[in-house]
Novice: 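Can you keep this structure in mind? I'll have questions shortly.
Here the structure is a predicted model, which means the values were calculated and not measured.
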Amino acid sequence: MSTALSENEVSVALAKLKDWAREGDELVKEFRFDSYLAGLAFAASVGVIAEGLNHHPDLHIGWRRVNVSFTTHDAGSKLTAKDFAAAEAIDALGYPR
């Protein structure tokens, strides 16, 4: 079972990420692309990362954008270190915002 981060720990972790935001108990970011297929390719890459980390986000694929949101269900749907580690791994892909 995962441990939820304190409010202070969430604030510190969030400050280290680029363009991610907190919405309630979710960590979210919208990625924008030049084409629908580029967004779809990105979503597939996120899926591979998520599977490797065994921590899966909600993905919403739209026209030229993909919204990614994380929360940790086994921590009462709160934010944990898993969420921030997954966000960092996704950012390391180097896709634009």
Novice: Looking only at heavy atoms, what is the nearest atom pair of Thr80 and Thr3, with distance?
Specialist: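 Looking at all heavy atoms of both residues, the closest pair is CG2-O, 3.3 Å.
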Novice: For Glu26 and Leu79, work out which heavy atoms get closest and say how close.
Specialist: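 Looking at all heavy atoms of both residues, the closest pair is C-CD2, 3.9 Å.
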Novice: Can you measure from OG1 (Thr72) to CG (Asp83) and round to the nearest 0.5 angstrom?
Specialist: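 Separation between the atoms: 3.5 Å.
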Novice: Given side-chain contact (heavy atoms from CB on, under 4.5 Å), test Val10 with Phe84 step by step and report yes or no.
Specialist: CA-CA 9 Å; Val10 168; Phe84 290 94; 4.1 Å; yes
Novice: Minimum heavy-atom separation for Ala50 to Pro57, with atom names?
Specialist: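 Scanning both residues, the minimum pair turns out to be CB-CD, 3.6 Å.
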Novice: side-chain contact (heavy atoms from CB on, under 4.5 Å), that's the test. Do Ile49 and Leu93 meet it? Break it down for me.
Specialist: CA-CA 10 Å; Ile49 287 172; Leu93 291 171; 3.6 Å; yes
Novice: Rounded at 0.5 Å granularity, tell me how far CD1 in Ile90 sits from CH2 in Trp20.
Specialist: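 Rounded to the nearest 0.5 Å, the CD1-CH2 separation comes out at 4.5 Å.
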Novice: Same cluster for Leu37 and Val48 if Ile/Leu/Val/Met/Phe/Trp/Tyr side chains link at under 4.5 Å?
Specialist: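 No; Val48 is not reachable from Leu37 via cluster members.
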Novice: Kindly compute the distance separating CD (Glu30) from CG (Asn67), expressed to the nearest 0.5 Å.
Specialist: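 So the gap between those two atoms works out to 4.5 Å.
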Novice: For residues Tyr36 and Gly62, report the shortest heavy-atom separation together with the two atoms involved.
Specialist: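 It is CD1-O, 3.5 Å.
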Novice: Would His60 and Arg65 count as a side-chain contact (heavy atoms from CB on, under 4.5 Å) if you check the C-alpha gap in whole Å, the side-chain angles of each, and the deciding distance to 0.1 Å?
Specialist: CA-CA 8 Å; His60 177 82; Arg65 65 180 172 77; 3.4 Å; yes
Novice: Would you say Leu17 and Leu27 make side-chain contact, with heavy atoms under 4.5 Å?
Specialist: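 Yes - at least one pair of side-chain heavy atoms lies under 4.5 Å apart.
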Novice: Roughly how far, to the nearest 0.5 Å, is the CG atom of Asp91 from the NZ atom of Lys18?
Specialist: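 It comes to 8.5 Å.
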Novice: Looking only at side-chain N and O atoms, does Lys82 offer a donor or acceptor that is under 3.5 Å from a partner on Ser2?
Specialist: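 Looking only at side-chain atoms, Lys82 and Ser2 do form a donor-acceptor pair, the distance falling under 3.5 Å.
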Novice: Looking only at heavy atoms, what is the nearest atom pair of Ser35 and Ala38, with distance?
Specialist: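 In terms of heavy atoms, the two residues are closest at OG-N, 3.1 Å.
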Novice: Just by distance, do the side chain of Thr71 and the backbone of Ser77 share a donor-acceptor pair under 3.5 Å?
Specialist: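 Yes.
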Novice: Group every Ile, Leu, Val, Met, Phe, Trp and Tyr by side-chain heavy-atom contacts under 4.5 Å, then state whether Leu53 and Phe70 land in the same group.
Specialist: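 Linked, Leu53 and Phe70 end up in one cluster.
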Novice: Is it the case that the side chain of Arg32 and the backbone of Asp34 share a donor-acceptor pair, with hydrogens and angles ignored and the cut-off at 3.5 Å?
Specialist: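 Side chain of Arg32 to backbone of Asp34, a donor-acceptor pair under 3.5 Å: no, none is there.
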Novice: In terms of the angle between their ring planes, are Phe42 and Tyr95 parallel, tilted or perpendicular, with boundaries placed at 30° and 60°?
Specialist: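 If you compare the ring of Phe42 with that of Tyr95, the planes turn out perpendicular.
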Novice: Any idea which heavy atoms bring Val66 and Phe33 closest together, and the distance?
Specialist: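 Residues Val66 and Phe33, closest heavy atoms: CG2-CE1, 4.0 Å.
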